[in-house]
Each structure stands twice: as structure tokens, then as C-alpha cells.
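Reminder, nothing fancy here: chain letters follow the sequence lines and each chain counts from 1. Worth saying up front: this structure is predicted, and the values here are computed from it rather than measured.
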There are 2 protein chains.
Amino acid sequence: MQEHEHDRCEEQCIHPEVIESVRREMLGAVPADELAQLFKVLGDNTRIRILDALFRSELCVCDLTTLLGMNQSAVSHQLRVLRDARIVKSKKQGKNVLYSLDDEHISELVRMGSEHVRELRR
Amino acid sequence: MQEHEHDRCEEQCIHPEVIESVRREMLGAVPADELAQLFKVLGDNTRIRILDALFRSELCVCDLTTLLGMNQSAVSHQLRVLRDARIVKSKKQGKNVLYSLDDEHISELVRMGSEHVRELRR
DNA sequence: TTTATATATGAACAACCATTCATATGATAA
DNA sequence: TTATCATATGAATGGTTGTTCATATATAAA
């Protein structure tokens with residue numbers, strides 16, 4: 001068992017009431033985890049490019065492979081991550097599988113994120 | 001040099017014009033990278049909880065350490081990641097360093113993400 | 001049936017990342 | 001000055017993750 005008394009700031013920091021009020025309002029462990037998981041899925045260059053492409057049009061894996069200029073296997077693996085997160089959906093059409101965005105929240109998130117990034121550049 | 005002809009679907013997939021039009025509209029490599037980087041920073045449980053806490057109130061490192069119930073060093077390392085991404089800002093006050101959100105876009109992103117996660121749960 | 005095409009997936013590997021430990025820096029108090 | 005407190009940081013480490021390769025599955029055409 002370890003003593004952590006020295007890890008805590010007693011009177012030097014902001015008053016304990018602030019800490020308590022923040023603690024009451026804070027996100028629970030589960031929602032925070034799910035939120036972080038959502039952003040983690042969005043936090044990859046390949047997946048962002050896939051979503052950006054699907055935002056313009058429904059596309060099959062082969063189209064995405066061409067557009068991204070990368071391995072078909074890599075694209076499929078990332079599509080699976082997006083499918084598992086219910087960010088994209090797929091439907092079979094003959095030999096192909098057509099992918100599209102599953103949720104309008106996601107395009108909004110990408111739009112807002114882009115705006116933020118653009119403003120940071122100024 | 002490798003032949004990738006067999007990686008491309010010729011006539012079976014969606015027409016080439018669709019691919020061309022999507023290619024013209026798509027995000028450039030640099031914006032896509034920056035966007036993915038932003039989401040990557042948001043895609044961590046500890047950092048989300050830090051942002052959620054700072055959304056409620058300006059706090060010092062010590063307060064955050066108490067609120068998150070984790071190592072001071074770990075909190076400081078994550079604060080650095082958030083500072084580098086210009087998501088939080090800091091100001092010195094005596095022995096303490098007070099952190100706060102640097103941008104209102106971020107709280108909007110967190111709010112929208114939370115909403116999405118909540119709806120997925122239904 | 002056999003052949004070709006589109007997609008999915010498991011395993012392996014390299015690169016990345018969050019945390020911990022130890023220590024350094026910087027500020028206040030004595 | 002010295003001692004103490006709050007924060008920052010470098011190095012090491014264990015765990016995660018994106019890509020590649022090889023292969024499996026599934027559909028369509030011959």
C-alpha cells in the first residue's frame with residue numbers, strides 16, 4: 001500500500017468545493033470511454049479519407065482502394081473498424097459491397113473538425 | 001516495380017466518372033492529416049476526461065490529478081499533448097499552473113460526440 | 001463444373017503511445 | 001541560504017494499432 005498524501009495539493013490549489021462541484025458534473029467513466037473510442041476511430045488518416053470520400057458518394061471497396069491509392073486489404077481492415085463503430089454501413093450488390101455513411105452526426109463532426117483545423121492555420 | 005492492375009476493378013464497379021468527381025472534391029492530403037491528428041488527440045480516455053473537467057472550470061494540474069485519480073506525471077504528459085495541439089492553454093499562478101480550454105470549437109466537438117454516443121446506445 | 005473477380009480476415013511485424021519511475025525545474029516559505 | 005511544494009520531462013516499458021502478406025469466402029461468368 002502506498003501513501004499518496006504528498007500527491008495532493010492541500011490549500012495551495014483551488015478550493016476543494018470547486019473540485020467537488022466539477023466531480024459531480026463530470027462525465028461518467030463509461031460515457032467518457034465511449035466518447036474517446038469514437039474519436040479514436042476518427043483519429044486515423046486512412047479512415048478520415050474514407051469518410052471524406054463516402055461523404056461525397058456511396059462507393060465500393062474497389063473504388064476506395066483506387067481513390068486512396070492503397071492496398072485492398074488495408075482498406076477492408078479499416079472499413080471493418082468503421083463498420084464496428086457503426087459509422088459506415090454496407091450493402092451487397094452483385095460481386096461488390098457498397099459502403100456509405102451510417103450517421104449524419106459523423107459528417108457534422110468531420111465538418112466542425114475541419115473548420116477548427118482551418119482556423120488554427122491562420 | 002509491381003503490377004497493381006489486378007487491384008483495380010475495371011467495369012464492374014461504379015463508373016469511373018464517379019471516382020473522378022469524388023477525387024476532385026476530396027480533402028487534400030495535408031488537411032486530412034491535420035484533421036486525423038486532431039481526432040487522435042481527442043481519442044484518449046484520460047484526455048477526454050481532462051477536457052470534460054476543464055469545460056466545467058479552470059483547474060490546476062493538482063486538481064486534475066485528484067479528479068482523475070491518477071499519477072501527476074501522467075496528467076502532465078497528457079496536458080502537454082493537449083497544449084501542443086492548442087486545445088488547452090495554461091497560465092502560471094504562483095506555484096501552480098492553471099489550465100483551461102483554448103477553443104470553443106472543442107467543447108462543441110465533445111458535445112456533439114457525446115450526443116452521437118448517447119444515440120448509439122438506444 | 002472451372003475460372004475470375006471482389007471482398008474479408010488471420011497472423012506477423014513494425015511503429016506508435018500511455019503510463020510509470022526517477023529526476024529536474026521553478027516558485028514560495030522559512 | 002535551505003526546504004518544500006507544484007509541475008515538467010526523459011527514459012524505459014508494456015500494450016495497442018495500421019499495414020502487409022497470404023489465404024479464405026462469395027459471387028458471377030464461361
Visitor: Between B:Thr66 and B:Cys62 (side chain of the first, backbone of the second, donor and acceptor by atom type, cut-off under 3.5 Å), is there such a pair?
Guide: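 Checking the backbone N and O of B:Cys62 against the side chain of B:Thr66, a donor-acceptor pair under 3.5 Å is found.
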Visitor: Per the side-chain contact (heavy atoms from CB on, under 4.5 Å) rule, which among B:Met112, B:His105, B:Glu104 passes with B:Glu108?
Guide: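 Testing each of B:Met112, B:His105, B:Glu104 against B:Glu108, the sole residue satisfying side-chain contact (heavy atoms from CB on, under 4.5 Å) is B:Met112.
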Visitor: In whole angstroms, how far is the P atom of C:dA18 from the CG atom of B:Leu79?
Guide: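 Roughly 13 Å, once rounded to whole Å.
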Visitor: Of the nucleotides C:dT7, C:dC17, D:dA8, which one has an atom closest to the side chain of A:Asn96?
Guide: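 That would be C:dT7.
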Visitor: Closer than 3.5 angstrom, by distance alone: can the side chain of B:Arg47 be matched with the main-chain N or O of B:Leu82 as a donor-acceptor pair?
Guide: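 Answer holds: no.
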Visitor: Both A:Gln37 and B:Ser76 contact DNA chain D. Which one's nearest nucleotide lies toward the 5' end?
Guide: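 Upstream on the strand: B:Ser76.
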Visitor: To the nearest angstrom, how far is A:Asp84 atom CG from D:dT17 atom C1'?
Guide: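 Result: 14 Å.
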Visitor: Is any NZ, NE, NH1 or NH2 atom of the basic residue among A:Arg118 and B:Glu34 found under 4.0 Å from an Asp or Glu carboxylate oxygen of the other?
Guide: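 Salt bridge absent between A:Arg118 and B:Glu34.
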Visitor: Where the side chain of B:Arg56 meets the backbone of A:Glu25, is there a donor-acceptor pair that is under 3.5 Å apart?
Guide: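 Yes, because the side chain of B:Arg56 sits within donor-acceptor range (under 3.5 Å) of the backbone of A:Glu25.
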Visitor: Name the closest nucleotide to the A:Thr46 side chain, picking from C:dT7, D:dT19, D:dA8.
Guide: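 For the A:Thr46 side chain, the nearest candidate turns out to be D:dT19.
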Visitor: Regarding D:dT7, can its base be found pairing with the side chain of B:His77 as donor and acceptor, where the two atoms are less than 3.5 Å apart?
Guide: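 Not at all, since no donor on one side and acceptor on the other fall under 3.5 Å apart.
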Visitor: Taking five pairs at each end of the helix from C:dT1-D:dA30 to C:dA30-D:dT1, what angle separates the two helix axes (nearest 10°)?
Guide: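 Between the axes fitted at each end of the helix from C:dT1-D:dA30 to C:dA30-D:dT1 lies an angle of 20°.
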Visitor: Side chain of A:Arg83 only, heavy atoms from C-beta on: which candidate in D:dT19, C:dT9, C:dT7 is closest?
Guide: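 The answer is C:dT9, which lies nearest to the side chain.
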Visitor: Name the residue closer to the 5' end of DNA chain D, choosing between B:Val97 and A:Gln78 according to the nucleotide with the nearest heavy atom.
Guide: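 Mapping each residue to its closest nucleotide by heavy atoms, the 5'-most match is B:Val97.
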Visitor: Report the distance from atom CZ of B:Phe39 to atom P of D:dT17, rounded to the nearest whole Å.
Guide: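 Atom CZ in B:Phe39 sits about 18 Å away from atom P in D:dT17.
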Visitor: Take atom NZ of B:Lys91 and atom C1' of D:dA6, then tell me their distance rounded to the nearest Å.
Guide: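 Taking NZ of B:Lys91 and C1' of D:dA6, I get 17 Å after rounding.
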Visitor: Name the orientation class of the two ring planes belonging to A:Phe39 and B:Phe39 (parallel below 30°, tilted from 30 to 60°, perpendicular beyond 60°).
Guide: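 If you compare the ring of A:Phe39 with that of B:Phe39, the planes turn out parallel.
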Visitor: Do A:Gln72 and A:Ser76 pair up side chain to side chain, a donor and an acceptor below 3.5 Å, judged on atom types alone?
Guide: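 Judged by distance alone, the side chains do pair up.
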Visitor: Search all heavy atoms of B:Lys89 against all heavy atoms of B:Asp102 and return the closest pair with its distance.
Guide: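 Shortest heavy-atom separation between B:Lys89 and B:Asp102 comes out as CD-OD1, 3.7 Å.
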Visitor: What does the B/S/- profile of nucleotides 25-30 of chain D look like, 5' to 3', with a 4.0 Å heavy-atom cutoff to protein?
Guide: -SBS--
Visitor: Whole-Å distance between D:dT17 C1' and A:Leu82 CG?
Guide: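 From A:Leu82 CG to D:dT17 C1': 14 Å.
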Visitor: Would you kindly give the CG-to-P distance between A:Leu42 and D:dT17, to the nearest whole Å?
Guide: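 It is 14 Å, rounded to the nearest whole Å.
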Visitor: Taking only side-chain nitrogens and oxygens of B:Arg80, does any of them come within less than 4.0 Å of OP1 or OP2 of D:dT7?
Guide: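 No, no such contact exists.
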Visitor: Taking the minimum atom-to-atom distance to the side chain of A:Tyr99, which one of D:dA11, C:dA8, C:dT9 wins?
Guide: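 In terms of side-chain proximity for A:Tyr99, the closest of D:dA11, C:dA8, C:dT9 is C:dA8.
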Visitor: State, to 0.1 Å, how close A:Leu42 and A:Ile48 come at their nearest heavy-atom pair, and which atoms those are.
Guide: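 Heavy atoms only, the tightest pair is O-CG1, 3.2 Å.
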Visitor: Can you tell me whether the side chain of A:Gln72 and the base of C:dA6 have a donor-acceptor pair closer than 3.5 Å?
Guide: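 Check fails, no donor-acceptor contact within cut-off.
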Visitor: Could one point to a donor on the side chain of B:Ser73 or the base of D:dT9 with an acceptor on the other under 3.5 Å away?
Guide: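 Indeed there is one.
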Visitor: Treating A:Asn45 as the side-chain partner and B:Ala36 as the backbone partner, does any N or O pair qualify as donor plus acceptor under 3.5 Å?
Guide: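 Pair absent, no side-chain N/O of A:Asn45 close to backbone of B:Ala36.
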Visitor: Using atom CG of B:Asn71 as one end and atom C1' of C:dT23 as the other, report the distance to the nearest whole Å.
Guide: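 It is 13 Å, rounded to the nearest whole Å.
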Visitor: Rounded to whole Å, please give me the gap between CG in A:Leu59 and C1' in C:dT7.
Guide: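 One finds 15 Å between C1' of C:dT7 and CG of A:Leu59, rounded.
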